[in-house]
Number of protein chains: 2
Amino acid sequence: MSFDFNAFVREDLPPAAARWTGFPAYNFVGGHNDEASVPVEALRAAADAVLMREGSNLGTYFLQSGPLGYRPLREFLCAKLKRAAAMDVDPDEILLTSGSLQAIDLINAAMLAPGDTVIVEESNYGGVFPRLARAGVEIVTIPVDAGGMDIDALETALKQLDGQGTKAKYIYTIPTVHNPTGTIMPEERRIRFVALAARHGVPIFEDECYSDLIWSGERPPALHALDREGLVIHVGSFSKSIAPALRVGYIVAPWAVLSHILSVKHDAGSGALEQMVLAEFCATHFDDHVAGLNRALEAKLDALIDALDEHFGASVEFERPPGGIFLWVKLPEGVETTRLAEVALAGGVAVNPGREWSKGADAGRWIRLCFANPAPEAIRDGVARLADICHAEFGTPEIGANRRRAPS
Amino acid sequence: MSFDFNAFVREDLPPAAARWTGFPAYNFVGGHNDEASVPVEALRAAADAVLMREGSNLGTYFLQSGPLGYRPLREFLCAKLKRAAAMDVDPDEILLTSGSLQAIDLINAAMLAPGDTVIVEESNYGGVFPRLARAGVEIVTIPVDAGGMDIDALETALKQLDGQGTKAKYIYTIPTVHNPTGTIMPEERRIRFVALAARHGVPIFEDECYSDLIWSGERPPALHALDREGLVIHVGSFSKSIAPALRVGYIVAPWAVLSHILSVKHDAGSGALEQMVLAEFCATHFDDHVAGLNRALEAKLDALIDALDEHFGASVEFERPPGGIFLWVKLPEGVETTRLAEVALAGGVAVNPGREWSKGADAGRWIRLCFANPAPEAIRDGVARLADICHAEFGTPEIGANRRRAPS
């Protein structure tokens, strides 16, 4: 086996993947979920019922539903998005995708050409920045605060772009359980946001993939629901509410947009069995399941916050999020979290360094801690170990601790 | 809903998709399969067993298997590819994908840059030509005959490219149940093919997605099995052998290649439930199922050939394929199949026009007829209607018919 493929791959590829060696002992990264909350019994029943009734349809591409995806799941989404997010949607305005990542990639493939400009939140889902870099587009970043995207700053940016004769291709936003800050944009700000985008004639790309995970169970109307012009492309997912390894997401958009997005979807459809099982499951179990999942997630968040209080004390800063699966934590001055993530991983603790999730000036002081997957004991032990590693690398903070650390 | 998205999509997009209006009455296109052969009962049992045992693993991306995909399915493939195609493969040399179309797209994304050259068979899977056009590469076409790719012509082309100082990125081939001709390349030609590619230092991209569908059940060694250099990238699929709506394909390649391909797979994994159910099903049912499926497919092929004999007589030419789901049929002189496909579709009969499946000089006289999906009566009725439409459009052939057509 001597053939050298290096001359045959593209010169501009990302670094080759490393071999997978399993999950770290303390896994605070990734959108993994609470394994104990996966509704295994109900999924078994759903799989059995839908295969018995419609299994032979698997013999045709697209079942009997066409390239938008399994129609009963699109119909479930119409009802759910109406109930939960005040959205009025027709099943033919929904495209089921292989996770919301494919949704993002399809929208970008249909809309973005090198040299284009897009507007994004300054702190953001870490997968967005490399995608936009690969697309060769310029990004304009807008700060976020406790209410999500800063609309004054957005207005300034839109005016500046207008002045330059540049029209952004879209404004990408995560208004509900923002990633990584966990905030929820209030309704008044949403109304202003949509009006501003309409005034400047710029589409909004609304990513709502965490919006089912809210402790109170209440969610403001989606931007899509507040839009009268048809300028919002809305993306969601079942990965966070049911199970991440089920790769089912969706795009909601006017047919005039979906028809373009479909023209770049060359995969002969997304996985039908997962769509069928989800539709069967969701029809009767979705709300109860999500309520139970949220209770489990909130308990894990509490365990994480307790562990941070115990092992980092007041040296770290964070806001308790109203939902989601991650906590955005600011470490003391002098800590560089890119380095911390590296040494922590070597010590068996995986965390997301802030620079991958934010373009903010102080990004290097932040980490994102995902709390859905580790058990409560692993959360406690992992935070203790992270604190040991952090203090060994950067020193014990002299000020700000609200209690003395136990000797380790 | 007045917002105009036209200024926001890329200028070079394909035409927008049309709304889906259901399948045509007589559907001789697409890789659809025999719905009666979908092993519904065994899939139900497999889904139930694997969800009960491992369902909670759906709570993590990649289950416990890493980004190459569900390990038990990769292990099944190692045993199956050894048994059926003489391939020696390690599970870490297999990447599970969302159908073999994602496999093709990932390989192209990792290897092809605009201006590159690739070598392809002149008659070919219809999805390959537009993909290569989108990638912006030059194609060199090689004729095919009853043994598949013409290796003398390939040698001439490779020498010509060498003379120009051009190294092709790969030679794409479908050696086993070639699409659309249905031929199987004999072993001696395979040996010569691999040696020639090695001598010229050009990778082979072997697409074996139909290779389980052979009436005799016997298949020559894969090109991958005959290669001692590690220059073959091998692609396969479960779409044809189990069900097309299950989107599970795979790439077999040395890790040095797979690690690059993984670096452009940005989807957080392909659908896990489909991989789990397939692994559970295939472990005990694969061979029996495929044998039964092949019997059903061969019976449909016979029905198609009988219908062609009855309604077209000797005015059409074809070779009875040793496997697969399609028949490649040459129509009489004077027929232009691009036009025929258009008028036939208007009459409820869908066929693939030759120009989409071949760059050959006489491509406009060929059609591809897929026979796996329609019931035998629909095959008979559809061919009768196709003959009526063809004769109405292009006239009844004066010569060559081996029997008089019944009045319609």
Side-chain angles (χ1 to χ4, degrees), chain A residues 1-3 5 8-10 13-17 20 30 32-35 38 40 43-44 47-48 51-52 55-56 58-61 63 66-67 98-99 101-102 110-111 113 169 203 229-231 243-247 254 256-257 259-260 262-263 266-274 277 373, chain B residues 1-3 5 8-10 13-17 20 30 32-35 38 40 43-44 47-48 51-52 55-56 58-61 63 66-67 98-99 101-102 110-111 113 169 203 229-231 243-247 254 256-257 259-260 262-263 266-274 277 373:
Chain A
M1 291 297 175
S2 58
F3 191 80
F5 259 96
F8 292 90
V9 297
R10 281 179 66 115
L13 285 191
W20 192 73
H32 310 296
N33 215 319
D34 179 45
E35 297 200 356
V38 174
V40 172
L43 288 174
R44 283 173 64 196
D48 199 59
L51 278 171
M52 181 162 56
S56 66
L58 291 169
T60 50
Y61 284 101
L63 309 165
S98 303
L101 287 178
Q102 189 190 36
M111 295 183 70
K169 277 294 181 82
E229 308 278 333
L231 59 75
L246 293 176
R247 307 304 297 133
V257 182
S259 61
H260 288 298
L262 259 184
S263 80
H266 306 294
D267 61 1
S270 294
L273 180 59
E274 305 203 333
V277 171
N373 191 247
Chain B
M1 291 295 175
S2 56
F3 192 80
F5 260 95
F8 293 89
V9 297
R10 281 180 66 115
L13 285 191
W20 193 72
H32 308 296
N33 215 318
D34 179 45
E35 296 201 356
V38 174
V40 172
L43 289 174
R44 283 174 64 196
D48 199 60
L51 278 171
M52 180 162 54
S56 66
L58 291 169
T60 52
Y61 283 102
L63 308 166
S98 304
L101 287 178
Q102 189 190 35
M111 295 183 72
K169 277 294 181 80
E229 309 278 334
L231 58 75
L246 292 176
R247 306 303 299 133
V257 183
S259 60
H260 287 298
L262 259 184
S263 81
H266 304 296
D267 60 2
S270 293
L273 180 60
E274 305 202 333
V277 172
N373 192 246

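Chain identifiers are assigned alphabetically (A, B, ...) following the order of the sequence lines, protein sequences preceding nucleic acid strands; residue numbering begins at 1 within each chain.
- Proximity of a side-chain donor or acceptor of A:R247 to a complementary backbone N or O of B:D267 within less than 3.5 Å is detected.
- Between the B:E229 side chain and the A:F3 main chain, no donor and acceptor come within less than 3.5 Å of each other.
- For a residue to count as touching a neighbouring chain, one of its non-hydrogen atoms must lie under 4.5 Å from one of that chain's; by this rule A:L13 touches chain B with the side chain only.
- Across B:A272, B:S263, B:S259, B:P244, the residue that shares the most heavy-atom pairs under 4.5 angstrom with chain A is B:P244.
- A donor-acceptor pair under 3.5 Å is formed between the side chain of A:H32 and the backbone N or O of B:Y61.
- Both the backbone and the side chain of A:V9 come within less than 4.5 Å of a heavy atom in chain B.
- Rounding to the nearest 0.5 Å gives a distance of 12.0 Å between OG of B:S98 and CG of B:L246.
- Of the two parts of B:L58, the backbone and the side chain both hold a non-hydrogen atom closer than 4.5 Å to a non-hydrogen atom of chain A.
- Of the listed residues (B:A47, B:G55, B:G30), the greatest number of heavy-atom pairs within a distance under 4.5 Å of chain A belongs to B:G55.
- With respect to chain A, the highest number of heavy-atom pairs below 4.5 Å among B:P14, B:A113, B:G99, B:A243 belongs to B:P14.
- The choice from B:L273, B:L262, B:N33 that makes the most heavy-atom pairs within less than 4.5 Å of chain A is B:L273.
- Chain B forms more heavy-atom pairs under 4.5 Å with one residue of A:K169, A:M111, A:M52, A:R44 than with any other, namely A:R44.
- Minimum heavy-atom separation, A:T60 to B:A245: O-CB, 3.5 Å.
- Interface summary for chain A: among B:P203, B:A256, B:G269, the most heavy-atom pairs under 4.5 angstrom belong to B:P203.
- With values rounded to the nearest 0.5 angstrom, B:H260 atom NE2 is found 13.5 Å from A:R10 atom CZ.
- Counting all heavy atoms, side chain and backbone alike, A:W20 lies closest to B:G66 at CD2-CA, 3.3 Å.
- With a 4.5 angstrom heavy-atom cutoff, B:N373 touches chain A only via side-chain atoms.
- Using a 4.5 Å cut-off between heavy atoms, B:F5 contacts chain A through its side chain alone, with no backbone atom that close.
- Neither the backbone nor the side chain of B:Q102 has a heavy atom closer than 4.5 Å to any heavy atom of chain A.
- With a 4.5 Å cut-off on non-hydrogen atoms, B:L51 touches chain A through its backbone and its side chain both.
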